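Keep in mind that this is a model prediction, so the values were computed, not measured.
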Amino acid sequence: MEWYANASQNYRAINFSDLRIDNPNIVVDTNIQDERGFSADLGLKFNKNGLFVAEVNAFYIAYNGRIGQVLRADRPPLFNDYRFRSNIADARNIGVEAFAEFDVLRVVLGRHQTPWRWTVFVNAALVDARYVRTDDTSIDGKYVEMAPPVLVRSGSGLQWSCLLY
């Protein structure tokens, strides 16, 4: 078993796509600023003689001044709707991710040498990503877009090596 921890500072500069207007219903804030934040995680890795490999990781990601879009209404008398792109809120992502991989052929064949390796794996994550600290009540405490709360991936791998151990 192996424990690990990590903390790092995040920085995302404004790029051209943040400032570009490709839709006349979008207004870009003239005071838009770079995003800043940090991430931290704590994890545990486990390896049982290459037969079974697993990892569990808990993480926290903070975005300060996250760039996004919110719906706004124009001034009287028209009250036209438009999308306003700016530093809309701070955001935080809290989650747990787990990975496990199992070597099927080594279990079936035991100690017999083979140039083949067949593994099956599963990866799952639970994420709670929300907007926090904002003046816009329409997104305060709401989920961050494109951050699914549950994500499960699985698969299988087949390898052939011309060298035997």
Side-chain angles (χ1 to χ4, degrees), residues 1-48 50 52-102 119-157 159:
M1 282 196 305
E2 176 184 338
W3 286 93
Y4 63 89
N6 176 55
S8 63
Q9 184 177 10
N10 300 336
Y11 171 79
R12 179 186 172 272
I14 298 170
N15 57 44
F16 180 73
S17 65
D18 294 325
L19 302 175
R20 187 175 124 225
I21 299 174
D22 54 358
N23 181 335
N25 291 331
I26 294 178
V27 175
V28 177
D29 185 358
T30 56
N31 296 320
I32 196 169
Q33 298 177 359
D34 300 333
E35 293 180 9
R36 298 187 186 284
F38 71 92
S39 62
D41 65 303
L42 175 66
L44 172 67
K45 291 182 182 180
F46 177 78
N47 187 339
K48 180 65 176 168
F52 178 73
V53 177
E55 183 171 352
V56 177
N57 180 301
F59 60 88
Y60 182 91
I61 304 170
Y63 293 98
N64 299 326
R66 187 173 189 285
I67 296 172
Q69 296 180 33
V70 291
L71 190 61
R72 296 270 171 94
D74 206 357
R75 297 175 189 234
L78 298 177
F79 297 103
N80 291 328
D81 290 339
Y82 65 92
R83 303 294 293 171
F84 183 67
R85 185 180 298 143
S86 181
N87 301 94
I88 58 173
D90 292 348
R92 62 103 179 113
N93 300 7
I94 298 172
V96 177
E97 184 173 14
F99 171 81
E101 184 179 52
F102 182 69
T119 60
V120 293
F121 68 88
V122 65
N123 175 256
L126 302 173
V127 180
D128 184 42
R130 294 181 187 263
Y131 287 112
V132 295
R133 288 185 298 279
T134 180
D135 295 332
D136 193 323
T137 58
S138 69
I139 61 171
D140 191 25
K142 300 287 193 307
Y143 291 112
V144 173
E145 64 277 2
M146 294 185 283
V150 177
L151 185 62
V152 178
R153 297 173 286 220
S154 63
S156 181
Q159 292 177 309

Decide yes or no on side chain to side chain contact (heavy atoms under 4.5 Å, CB included) for D136 and I88, but give the supporting numbers first. CA-CA 8 Å; D136 193 323; I88 58 173; over 6 Å; no

So, does E35 use its side chain to make a donor-acceptor pair with the main chain of I67 at under 3.5 Å? yes

Please give me the minimum heavy-atom distance between R66 and A91, naming the atom from each residue. CD-CB, 3.8 Å

Distance, nearest 0.5 Å, that separates CG of D18 from CD of Q69: 9.5 Å

Smallest heavy-atom separation, S86 atom then I32 atom, equals CA-CD1, 4.0 Å

Output the distance between atom NZ (K48) and atom CZ (F102), rounded to the nearest 0.5 Å. 12.5 Å

Please check this pair: side chain of D81 against backbone of A73, looking for a donor-acceptor N/O pair closer than 3.5 Å. no

Test side chain to side chain contact (heavy atoms under 4.5 Å, CB included) on V120 and E101; report intermediate values, then the result. CA-CA 6 Å; V120 293; E101 184 179 52; over 6 Å; no

When you compare the side chain of R83 with that of L71, does any pair of heavy atoms fall below 4.5 Å? yes

Can a donor-acceptor pair be found, under 3.5 Å and without considering hydrogens, that links the side chain of N87 to the backbone of G65? yes

Flag for Y4-N57: side-chain donor and acceptor within less than 3.5 Å: yes

Closest heavy-atom pair and its distance - N93, A129: OD1-CB, 3.2 Å

Return the minimal non-hydrogen interatomic distance between S39 and I61, and the atom names on each side. CB-CG1, 4.1 Å

Assess whether side chain to side chain contact (heavy atoms under 4.5 Å, CB included) is satisfied between D74 and F79, documenting all intermediate values. CA-CA 4 Å; D74 206 357; F79 297 103; 5.7 Å; no

Testing the 3.5 Å rule here: is there a donor-acceptor pair between the side chains of D34 and Y11? yes

Do the side chains of R92 and D90 get close enough for a salt bridge, i.e. N-O under 4.0 angstrom? no

Answer yes or no: is there a donor N or O on one side and an acceptor on the other, between the side chain of R20 and the main chain of N15, under 3.5 Å? no

Closest heavy-atom pair, V127 versus F59, reported as atoms and distance to 0.1 Å, is CG2-CZ, 3.8 Å

Might you work through the side chain to side chain contact (heavy atoms under 4.5 Å, CB included) test for Y143 and D128, ending with a clear yes or no? CA-CA 8 Å; Y143 291 112; D128 184 42; 3.4 Å; yes

Using only atom types and a distance under 3.5 Å, with no angle test, would you say the side chain of R130 pairs donor to acceptor with the backbone of G141? yes

Atom CD1 of I26 and atom CD1 of I21: how far apart are they, to the nearest 0.5 Å? 7.5 Å

Around F121, counting heavy atoms of other residues, nucleotides and ligands shown, do more than 12 lie under 6.0 Å from its CZ? yes

D140 backbone acceptor or donor facing T134 side chain under 3.5 Å: no

Y131 atom OH, over 12 foreign heavy atoms within 6.0 Å: yes

Closest non-hydrogen contact found for D29 with N31 is OD1-N, 2.9 Å

Side-chain donor or acceptor of N123 paired with backbone N/O of A98 under 3.5 Å: yes

Counting neighbours of CD on E145 that are heavy atoms of other residues, nucleotides or ligands and sit closer than 6.0 Å, is the number greater than 12? yes

